[in-house]
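Read the structure below first, then the notes.
A quick note: this is a predicted structure, and the numbers were derived from the prediction, not measured. Just the heavy atoms: all of them, side chains too, but no hydrogens, waters or symmetry mates, feed the values below.
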Amino acid sequence: MTRPSDSTAIDAWRDPALPTDERVDRLLGLMTLEEKAAQLRGLWVGADDGGEGVAPHQHDMVEEPPVWEEAIADGLGQLTRPFGTAPVDPARGARSLARSQREVAAANRFGIPAQVHEECLAGFTTWKATVYPVPPAWGAAFDPELVERMAAQIGSGMRRVGVHQGLAPVLDVARDLRWGRIEETIGEDPYLVGTIAGAYVRGLESSGIVATLKHFVGYSASRAGRNLAPAPVGPREVADVLLPPFEMALRHGGARSVMQSYTDNDGVPAASDRGLLTGLLRDTWGFEGTVVADYFAVSFLRTLHRVADSDGRAAALALSAGVDVELPTLHCYGDPLVAAVRAGEVPESLVDRAARRVLRQKCELGLLDADWDPEADGTGTADEGGVDLDPAQQRDLARRLAEESVVLLANDGVLPLSPGGTIAVVGPNADTAEAMLGCYSFPSHVGVAHPELPLGVEIPTVLESLRAELPDTGLVYARGCGVDDGDTSGITEAVALARGARVCVVVLGDRAGLFGRGTSGEGCDATDLRLPGAQRDLVAAVAATGTPVVLVQLGGRPYALDGLSDRVAAVVQAFFPGEEGGPAVAGVLSGRVNPSGRMPFGLPRDPGGQPSTYLGPPLAGRSEVSSVDPTPLYAFGHGMSYTDFSWSGPRLDGAVQEPGDAALEVATDGEVTVGCTVRNDGPVAGTEVVQLYMGDPVAAVTRPVRRLIGYARVDLEPGDERRVEITVHADLAAYTGPDLRRIVDPGDLELSLAASSADPGFTFRIRLCGPVREVGHTRRLLTESRILHRHIRSS
């Protein structure tokens, strides 16, 4: 390999005064095919805890780990998870990464370092980093601003140790609660998913981290809720349910990367779908960032999908479709791709296209600048005194998000718990830290392979937290049963404790894991929605004592209570609430925290695993033509409080609409404002979540009876009232018609301000008038919510 003779030409692209595209074009023109291809692949590594450097990671898909010096000889696109592969102290890991980055830069003739990515779904997935609540908890909080703050905190920690890209958020809309990765989804409604995910993206990007939207698209719609199973989705469901969150997060979040889905949609794997990754994402939406492969997805085109007969052909299909970077490690985009180009089977222009996108992003990150310094790439890399990735302010925010996300589903008055007497606390999740942790938290994802390793962060259990909340109350504990082992031998002890207590708190739910090693998480799919193991037997047994039972579910998905709802006094749902989840749940039980969470999914009435959500046309609900009733026990958006709220003064464009009034006429390109006043009539401060739903009674295709199009959290002291107004543009009524064009057509609509998808609330009738409008990706995607004047009622 020879160097270009003109050293000035080599260095001109380093000049930050030049436009980014000019710098990239100059650099690309100097690179060989091998050097360009090297920018399109990752290398899975693990950082050295002694600070000596990273090393290639052995993995099932790689017979032998590559030789480090050979792997980086022509450059390297990405370093995969140096902090999230094995336990490493953050400061030592940062020094190790910096040393390796210097080696990567020195090995290639242009001095280009690698881009570094990590997982960050429930916090930076590394040892000693804050563990936040999982995405369904974000959805339950209905609080985009708080999620944005969380993501900014996550990103700041990642940048501090030299990471550039985060593989989050997940924008898959939940379609079947049996799917193991439900714990990674934000909810079952695309508007909720899009607004919360967009906030996460803004926060992560504000800290200098490239946010990666996943999984594009269709992964959550797999048949029977099985991981990586085919997704029999039609183009209308894709367009109107699965794609809008990605549109929101790209336009209103500013994400710079997208990860394609593993699944095939109607027979076409996403990794080889040019219409999706190039035609829609780039040509129509105008996306200019990078598309990265979900781990091993390029190889899966050969091994699992069987649409390629060789690694070179798999590389050709993915690269042509628009996958720019193969992750997690070099395989198809290595020698097989180079050989395919040399043989004329793959145009070199496709390599240039992807390399240009990768280099443009590296340029934006400062990795091509002449003064780039691996020791300063992360602000904490040179810190010999240690790197604190779990500071007090992050724990405080983790607790606040956990508190906002706890949902009180039912309460006959037993909650909040009064002090004194004896309370029995039983259940497999009552006294274990792992009950707080999702599959992509470091202790669950990596730490389980290192049983001797401390958790790295403090994680109080529910039992420990209740003891702190109720110091004057006698708490007695029995595990009762395991999460999923089926052992009922401990139930007798739990029943005895319950019989002698004034209240019994039963803490149940999931254990997160990977590929069957848990009851929730990637590859941990369920055949139905019964509580795992002997947990139902435990609840039934303690309820039979006559002692009031408070049922607390900690997990990644809502489970059907299977006849238990009428036998317990209260039901509380928390979705893997993170390191501060124990105090958050205990605070709700004690009354220190007034619950304000709302369900991001419906909680099923029966355990049969109905693969349906509230987003369905009339025939998707209870009807006379089927003996199966899919109505949830608790609806999407449902949640209770310890105070009482009243709603009054419904207004449509400032006027009262009486039942007999004609529908308000609005142009098909117009907008309308609905509103009401919310008052706290109870004795304690609380938060109401006002939700706005739209119904389209008559359309060219079947439409959901109701779908969420807006919401607002309203914080109210006792006696306070505030007015909530939400402005809706007609674009929010758009849907994909019979000819697959997205249209806004004239006709009647119903707008409902409600406390859940099942609450009648205040309904307003409007009539869209004018021509049919075809709308595209530039349409309005969001409503505008305002919380107006505040009145305080005199005592």
Side-chain angles (χ1 to χ4, degrees), residues 42 44-47 54 78-98 100-101 113-132 135 147-170 197 199-214 253-257 259 289-290 292 327-328 361-362 364-367 372 374-383 386-391 393-395 397-398 438 440-442 445-446 456-457 578-579:
W44 198 336
V45 297
V54 300
Q78 296 227 4
L79 283 169
T80 293
R81 301 190 65 187
F83 292 90
T85 295
V88 58
D89 176 81
R92 293 175 182 172
R95 291 194 293 274
S96 176
L97 175 59
S100 297
Q101 281 281 52
Q115 191 164 323
V116 181
H117 75 260
E118 287 287 352
E119 298 283 0
C120 56
L121 189 65
F124 182 8
T125 307
T126 192
W127 193 40
K128 299 184 177 181
T130 303
V131 182
Y132 293 91
V147 170
E148 183 172 344
R149 287 176 53 198
M150 174 194 69
Q153 288 186 348
I154 294 170
S156 66
M158 296 170 74
R159 281 302 296 129
R160 192 178 178 197
V161 296
V163 176
H164 310 107
Q165 181 169 355
L167 303 188
V170 169
Y200 183 98
V201 169
R202 289 193 297 273
L204 203 63
E205 290 278 356
S206 73
S207 64
I209 294 290
V210 174
T212 305
L213 309 183
K214 58 186 191 181
R256 288 180 284 172
S257 186
M259 175 180 279
T290 57
V292 300
L327 297 179
Q361 196 160 94
K362 287 190 174 184
E364 293 171 352
L365 292 166
L367 300 179
W372 174 81
E375 299 294 339
D377 189 36
T379 58
T381 55
D383 184 357
V387 176
D388 186 1
L389 295 179
D390 188 34
Q393 66 269 25
Q394 293 189 187
R395 292 195 70 98
L397 193 144
Y440 271 81
S441 66
F442 187 84
H445 202 74
V446 179
V457 293
E579 65 183 35

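- Here Asp390 does not pair with Lys128 in a salt bridge; the nearest charged N to carboxylate O distance is not below 4.0 Å.
- Counting heavy atoms from C-beta outward, Pro169 and Leu213 have side chains that approach closer than 4.5 Å.
- Counting heavy atoms from C-beta on, the side chains of Leu167 and Arg81 never come closer than 4.5 Å.
- Side chains of Thr130 and Gln153: a donor-acceptor N/O pair is absent below 3.5 angstrom, by distance only.
- Rounding to the nearest 0.5 Å places CZ of Arg256 at 5.5 Å from CD of Glu364.
- One N or O on the side chain of Gln394 and one on the backbone of Leu389 form a donor-acceptor pair closer than 3.5 Å.
- Listed by chain and residue number, Glu148 satisfy the side-chain hydrogen bond (donor to acceptor under 3.5 Å, both in side chains) test with Arg202 (two or more places apart in sequence, or in another chain).
- Atom CH2 of Trp372 is separated from atom CD of Gln101 by 4.5 Å, given to the nearest 0.5 angstrom.
- Interatomic distance, CE of Met158 versus OG1 of Thr126, reported as 9.5 Å (0.5 Å rounding).
- Thr212 OG1 to Gln165 CD: the interatomic distance, rounded to the nearest 0.5 Å, is 3.5 Å.
- Between Ser441 and Gly438, the shortest heavy-atom contact is OG-O, 2.8 Å.
- Each of Tyr440, Phe124, Phe83, Trp127 was evaluated against His445; a single residue qualifies, Tyr440, per the ring-ring contact (aromatic ring centres under 6.0 Å, His included) test.
- Between the NE2 atom in His164 and the NE2 atom in His117 there is a gap of 12.5 Å [rounded to 0.5 Å].
- Heavy atoms only, all atoms of each residue included: Gly386 and Ala91 are closest at CA-CB, 3.8 Å.
- A 4.5 Å side-chain heavy-atom check between Ser100 and Val45 finds every atom pair outside the cut-off.
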| Please walk me through it: do Val88 and Ser96 pass side chain to side chain contact (heavy atoms under 4.5 Å, CB included)? | CA-CA 10 Å; Val88 58; Ser96 176; 5.9 Å; no

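- Ser257 and Thr290 form a side-chain donor-acceptor contact under 3.5 Å, judged by distance and modelled atom types alone.
- Minimum interatomic distance between Leu79 and Leu97 (heavy atoms only, all atoms of both residues): CD1-CD1, 3.8 Å.
- Pro82 has its side chain within reach of Glu118: a pair of non-hydrogen atoms, C-beta onward, lies under 4.5 Å apart.
- Proximity of a side-chain donor or acceptor of Glu579 to a complementary backbone N or O of Val131 within less than 3.5 Å is detected.
- Of all non-hydrogen atoms in Val161 and Pro90, the two that sit nearest each other are CG1-O, 4.0 Å.
- Taking CD of Gln361 as the reference point, atom CG of Leu365 lies at 6.0 Å (rounded to 0.5 Å).
- The two residues Asp377 and Gly162 make their nearest non-hydrogen contact at OD2-O, 3.9 Å.
- Contact annotation: the side chain of Leu397 approaches that of Tyr132 to within less than 4.5 Å [non-hydrogen atoms, C-beta and beyond].
- Residues Tyr200 and Met150 meet the side-chain proximity criterion, which asks for heavy atoms closer than 4.5 Å.
- Scanning both residues, Gly166 and Cys120, for their nearest heavy atoms gives CA-SG, 3.6 Å.
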